[in-house]
Protein chains: 2
Amino acid sequence: MSRSATRKRIEEKADALFYEAGFEATSFADIAGAVGISRGNFYHHFKSKDDILDAVIDRRLAATQTMLVSWETDAAPKDRIRSFIRILITNRTKIMAFGCAVGTLTTELAKLDHIAESRAAEIFGLFRDWLADQFIALGHKDDADALALHVLARSQGIAVMASALKDEAFLRAEVSALEAWLDRLPVQTSTKD
Amino acid sequence: MSRSATRKRIEEKADALFYEAGFEATSFADIAGAVGISRGNFYHHFKSKDDILDAVIDRRLAATQTMLVSWETDAAPKDRIRSFIRILITNRTKIMAFGCAVGTLTTELAKLDHIAESRAAEIFGLFRDWLADQFIALGHKDDADALALHVLARSQGIAVMASALKDEAFLRAEVSALEAWLDRLPVQTSTKD
DNA sequence: GTCTATAAAGGGATAGAC
DNA sequence: GTCTATCCCTTTATAGAC
């Protein structure tokens with residue numbers, strides 16, 4: 001029961017358009033045009049716009065998981081956290097144009113009072129739990145979750161302001177400041193009882 | 001040539017709806033319904049949806065200026081900056097529901113590739129310049145702008161995550177952390193030559 | 001699985017009566 | 001200054017031919 005190639009292409013284009021133009025502002029005609037199919041064919045693969053939003057969120061959840069697992073090849077927890085922070089540098093062009101894909105979708109769905117808002121926020125949940133695991137590995141057992149949320153908030157703030165200002169120097173300076181914060185964070189080596 | 005009371009009511013309701021539901025998702029019918037006038041009457045006061053967006057941004061620019069001036073009754077620059085940071089606490093209910101009004105509008109207009117994006121970003125410009133003035137008063141002449149942007153970015157990050165998580169404890173904790181950062185910031189008293 | 005044609009609703013915007 | 005009526009376009013969604 002492999003999903004059709006067309007369905008996958010619709011998901012890819014919808015994912016990109018929801019990010020670049022927003023969910024509400026993206027029409028079926030936009031998606032169909034990007035994929036190169038007719039509007040009618042669209043409904044053979046998805047029964048509604050909400051249905052494709054669900055598929056896009058599934059895609060992003062899966063992509064996030066894959067990315068987090070790939071970062072675990074870095075042995076040192078601080079290097080793993082640094083991999084997260086440096087998404088801002090890697091994706092700087094898109095972030096300066098459209099903000100963060102996770103933050104902006106969650107924000108938009110909150111305003112639309114959309115049923116999928118909590119599922120979109122689950123992507124933050126994956127990052128949160130993974131980051132907390134890294135802070136636990138650094139010995140911050142008691143404040144791991146707060147530290148994880150701190151890194152997430154700092155990153156979201158950088159994305160919002162980088163997009164508003166269209167200023168790469170700002171983005172790089174704030175990423176450096178966040179990395180410096182991480183460097184200063186004491187590593188508490190656990191001593192078994 | 002005072003603007004009519006109806007025009008003002010339209011601006012107020014549009015401002016609230018653009019914040020709570022988003023610009024794109026708010027229709028003329030929504031605004032007219034909220035104000036209690038017919039759709040046709042709407043066009044007597046504004047010639048297009050973009051026209052009312054301009055008026056809403058004007059409103060927000062003016063409101064921001066008024067707020068910044070009001071904070072200058074606080075003599076100490078750190079107290080002034082604290083006034084800014086504490087908007088997050090004062091407006092926490094709306095922020096947890098809809099995010100920051102400035103950040104979310106700028107983000108949405110960026111995705112829509114809307115001509116008013118840069119004017120919306122000017123609201124950030126007001127905060128940026130005002131905050132930078134306070135950091136200069138604290139003796140941070142050389143990095144005043146960077147510090148101002150840091151505070152703006154931290155605040156935006158808190159707003160995005162507070163909205164995604166719907167978590168007031170997180171919001172309060174991050175506001176406290178930002179205030180602690182401000183407390184730790186050294187005040188460099190200038191010694192004339 | 002893909003298409004064309006079309007329905008049904010809602011969007012922005014205009015005309016003209018009152 | 002406010003209303004009703006209407007236009008035109010786009011939107012989501014469906015029906016049915018190929």
Novice: Send over the distance from A:Glu24 CD to C:dG11 P, rounded to a whole Å.
Specialist: 10 Å
Novice: Should we count NZ of A:Lys8 as having more than 12 external heavy atoms under 6.0 Å?
Specialist: no
Novice: Figure out the CZ/P separation between A:Phe28 and D:dT12, and round it to whole Å.
Specialist: 6 Å
Novice: Taking atom P of D:dT11 as reference, at what distance in whole Å does atom CZ of A:Phe23 sit?
Specialist: 14 Å
Novice: Taking all heavy atoms of A:Ala21 and all of B:Leu112, pick out the closest pair and write down the distance.
Specialist: O-CD2, 4.1 Å
Novice: Kindly give the atom pairs (protein nitrogen or oxygen, nucleotide nitrogen or oxygen) under 3.5 Å for nucleotides 1-4 of chain D.
Specialist:
residue : atom : partner : partner atom : Å
D:dG1   : OP2  : B:His44 : NE2          : 3.0
D:dT2   : OP1  : B:Thr6  : OG1          : 2.9
D:dT2   : OP2  : B:Thr6  : OG1          : 3.2
D:dT2   : OP2  : B:His45 : NE2          : 3.0
D:dT2   : O5'  : B:Asn41 : ND2          : 3.0
D:dC3   : OP2  : B:Ser38 : N            : 2.8
D:dC3   : OP2  : B:Ser38 : OG           : 3.3
D:dC3   : OP2  : B:Asn41 : ND2          : 3.4

Novice: Whole Å only: how far is the CG atom of A:Leu53 from the C1' atom of D:dT12?
Specialist: 15 Å
Novice: Find the distance A:Leu112:CG to D:dT11:C1' and express it as a whole number of Å.
Specialist: 15 Å
Novice: Once you round it to whole Å, what is the distance between P of D:dA13 and CD1 of A:Ile52?
Specialist: 11 Å
Novice: For A:Glu11 and A:Ala55, work out which heavy atoms get closest and say how close.
Specialist: OE2-CB, 3.8 Å
Novice: D:dA13 C1' sits how many Å from A:Phe46 CZ, rounded?
Specialist: 16 Å
Novice: Is it the case that over 12 heavy atoms from other parts of the model lie below 6.0 angstrom from the CD1 atom of A:Ile115?
Specialist: no
Novice: Can you establish whether the number of heavy atoms outside A:Lys166 located under 6.0 Å from its atom NZ is more than 12?
Specialist: yes
Novice: Any side-chain heavy atom of A:Leu17 sitting closer than 4.5 Å to one from A:Phe23?
Specialist: no
Novice: Is A:Ser27 close enough to D:dT11 that one of its side-chain N or O atoms is under 4.0 Å from OP1 or OP2 there?
Specialist: yes
Novice: Categorize B:Tyr43 for me: base, sugar-phosphate, or nothing, with a 4.0 angstrom heavy-atom threshold over every strand shown.
Specialist: base
